Number of protein chains: 2
Amino acid sequence: MHEDKSTHQKKTGGMPTVRGRIWIDGPEGTFFGHGRAVLLERIIEHGSITKAAKSMDMAYRHAWDLVDSMNRQSKEPFVEVATGGKGGGGARVTKAGERAIKMFWRFHKDLQAFLTREQKKFKL
Amino acid sequence: MHEDKSTHQKKTGGMPTVRGRIWIDGPEGTFFGHGRAVLLERIIEHGSITKAAKSMDMAYRHAWDLVDSMNRQSKEPFVEVATGGKGGGGARVTKAGERAIKMFWRFHKDLQAFLTREQKKFKL
DNA sequence: AAGCGTTATTCCCTTCGGTATATTACGCTA
DNA sequence: TAGCGTAATATACCGAAGGGAATAACGCTT
């Protein structure tokens, strides 16, 4: 689901390319962005922070920090977590989290369209 | 000249804010962006890389790297440099460099407009 | 009560971007 | 030729960010 939303690409090879990124700032700084959207999708897919982190080759520590940051900054949490219990626990993305994902991809898509429009204006 | 073109702000305090940045990629990666535009303006203002770097509290090394990167990636250099000579030398921004500055600020302005449009769509 | 797998937390290590410092090269001026 | 202020380059250092590993906490299951 969602193959190439990458915003960071090292080289372009040919002509100079207009590029950009978009994100949402909250009370503590970064609140939502590309990496966090992907992380939430992986949590939905795997049902746990541990597996989500592994699946995207991210340290659990980092993933947990991101989840914690989102939950702290949002009125309603994006991820609900269960420690202990059946299977040791798990993590679940809330409705609010799903809305955030959808909204961000919409923003992201708008940005891509904007960038291709700007690219046409490129003239050194 | 050009007071608040900063794209990086740590906190927003109030509501979540849609933010973003834009830059130009070239053969070696980043080719032009906010910091480089400001640097060129300072070089114009001061006539040397040393003074330009000092004026924006940037290490000379870093400033030189940026200038070198731009000159390597552009067909025609953005900065012409004189080592030794009257006053020890100096640096001068070329016409191509000035065009790049102008174009970037135009992109930057477009982006700001885009971001405020997106902000209006923000709904968690 | 023991076992299980996950969340939660701590500590240390490495990596890396940028800084600071020092030295050399340069070419006009006097 | 000596002096000057800059460009150019090399080296060492610092701090922040991220990673890895280890451990504790948790609560269902058996």
Side-chain angles (χ1 to χ4, degrees), chain A residues 8 10-11 21 23 25 28-31 33-36 38-40 42-74 77-94 97, chain B residues 6-11 21 23 25 28-31 33-36 38-40 42-73 77-94 97:
Chain A
H8 352 251
K10 283 309 178 189
K11 297 196 172 195
R21 47 169 71 177
W23 69 92
D25 259 22
E28 299 180 8
T30 301
F31 170 51
H34 184 271
R36 298 176 190 226
V38 172
L39 177 60
L40 290 196
R42 300 294 181 110
I43 291 178
I44 293 176
E45 188 179 350
H46 293 100
S48 92
I49 297 180
T50 301
K51 289 178 188 163
K54 268 203 183 69
S55 83
M56 55 196 298
D57 200 48
M58 172 185 287
Y60 170 83
R61 165 67 191 267
H62 189 201
W64 184 88
D65 280 342
L66 295 178
V67 168
D68 192 49
S69 164
M70 290 186 276
N71 281 348
R72 274 187 287 103
Q73 298 189 63
S74 173
F78 285 2
V79 177
E80 275 171 357
V81 123
T83 130
K86 174 177 195 170
R92 194 190 127 263
V93 174
T94 65
Chain B
S6 176
T7 317
H8 351 252
Q9 173 187 344
K10 283 307 177 189
K11 298 196 171 195
R21 46 169 75 175
W23 70 93
D25 259 23
E28 300 181 6
T30 300
F31 169 50
H34 183 271
R36 299 177 189 223
V38 172
L39 177 60
L40 290 196
R42 300 296 181 108
I43 291 177
I44 293 175
E45 187 180 350
H46 293 100
S48 89
I49 297 179
T50 301
K51 288 179 187 162
K54 268 202 182 67
S55 84
M56 55 195 299
D57 201 48
M58 173 186 284
Y60 170 83
R61 166 67 191 266
H62 189 202
W64 185 88
D65 280 343
L66 294 178
V67 167
D68 192 49
S69 164
M70 290 185 276
N71 281 348
R72 274 186 286 103
Q73 298 189 64
F78 286 1
V79 177
E80 275 171 356
V81 123
T83 130
K86 174 176 196 170
R92 194 190 127 264
V93 173
T94 66

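Just so it is clear, the structure is predicted and the values come from calculations on it, not from any experiment. Lettering follows sequence order; numbering is per chain, from 1.
One atom, CG of B:D65, and another, P of C:dC16, lie 17 Å apart when rounded to the nearest Å. Protein atom CG of B:N71 is 13 Å distant from nucleotide atom P of D:dA7, rounded to whole Å. Separating the CG atom of B:L66 from the P atom of D:dA7 is a distance of 14 Å, rounded to the nearest angstrom. With rounding to whole Å, B:W64 atom CH2 is found 12 Å from D:dA10 atom C1'.
Within the nucleic acid shown, A:T50 comes within 4.0 Å of at least one base atom, counting heavy atoms only.
The CE atom of B:M58 sits 11.5 Å away from atom CD1 of B:I49, with the distance rounded to the nearest 0.5 Å.
Residue-to-nucleotide proximity on DNA chain D shows that, of B:A91 and A:D57, the 5′-proximal contact is made by B:A91.
Using a 4.5 Å heavy-atom cutoff, the side chains of A:H46 and A:S55 are in contact.
B:R36 and B:T30 share no side-chain donor-acceptor pair at under 3.5 Å.
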Could you encode protein contacts along nucleotides 24-30 of chain C as a string, one character per nucleotide from 5' to 3', using B for base contact, S for sugar-phosphate-only contact and - for no contact, with a heavy-atom cut-off of under 4.0 Å? --BBS--
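One finds no side-chain N or O of B:H62 lying less than 4.0 angstrom from the OP1 or OP2 phosphate oxygen of C:dG17.
At its two ends the helix from C:dA1-D:dT30 to C:dA30-D:dT1 runs along axes set 10° apart, each axis drawn from five pairs and the angle rounded to 10°.
A:Q73 places a side-chain N or O within donor-acceptor distance of the main-chain N or O of A:E28, the cut-off being under 3.5 Å.
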